[in-house]
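Here's the structure we're looking at; comments come further down.
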Amino acid sequence: ALYGQNIVKIRCGKAHSILLTGNSKFRFITTIDKGVVVSFGCGSMGQLGNRSKKGSREAYVIDKFSSSPVKDIGAGDNHSMAITADGSVF
């Protein structure tokens, strides 16, 4: 699912990872040059952003940001965060 993607940042928590891409080749994302955030791993604290507390072995595109370009990402033990171009923090 991530083959061929332009991954510009990788952040790792205790048992999960989030990625920021520099393009939008993912299915359902049609706007070019906006940062797309992808997560996978343990989700027991909701840190994957997939509206669940279940883990995922497959990359999950966090669609909340499909209309807002993400400029930076971060991850801690049991949390993830993103900063958008307008300065919003999620």
N/O donor to acceptor pairs below 3.5 angstrom from side-chain atoms of residues 69-83, sequence neighbours left out:
from : atom 1 : to  : atom 2 : distance (Å)
D72  : OD1    : K9  : NZ     : 2.8
S80  : OG     : H16 : NE2    : 2.9
S80  : OG     : Q47 : O      : 2.9

Item to complete: Walk me through it: do I7 and L19 pass the test side-chain contact (heavy atoms from CB on, under 4.5 Å)?
Response: CA-CA 7 Å; I7 298 170; L19 312 172; 4.0 Å; yes
Would you give me the side-chain donor-acceptor pairs under 3.5 Å for residues 54-61, sequence neighbours excluded?
from : atom 1 : to  : atom 2 : distance (Å)
S56  : OG     : E58 : N      : 3.3
S56  : OG     : E58 : O      : 2.6
Y60  : OH     : R51 : NH1    : 3.3

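- Between S39 and V37 there is no side-chain heavy-atom pair separated by less than 4.5 Å.
- Annotation: the span from I18 atom CD1 to I10 atom CD1 amounts to 11.0 Å, rounded to 0.5 Å.
- Applying the side-chain hydrogen bond (donor to acceptor under 3.5 Å, both in side chains) test to S17 and every residue at least two apart in sequence or in another chain returns nothing.
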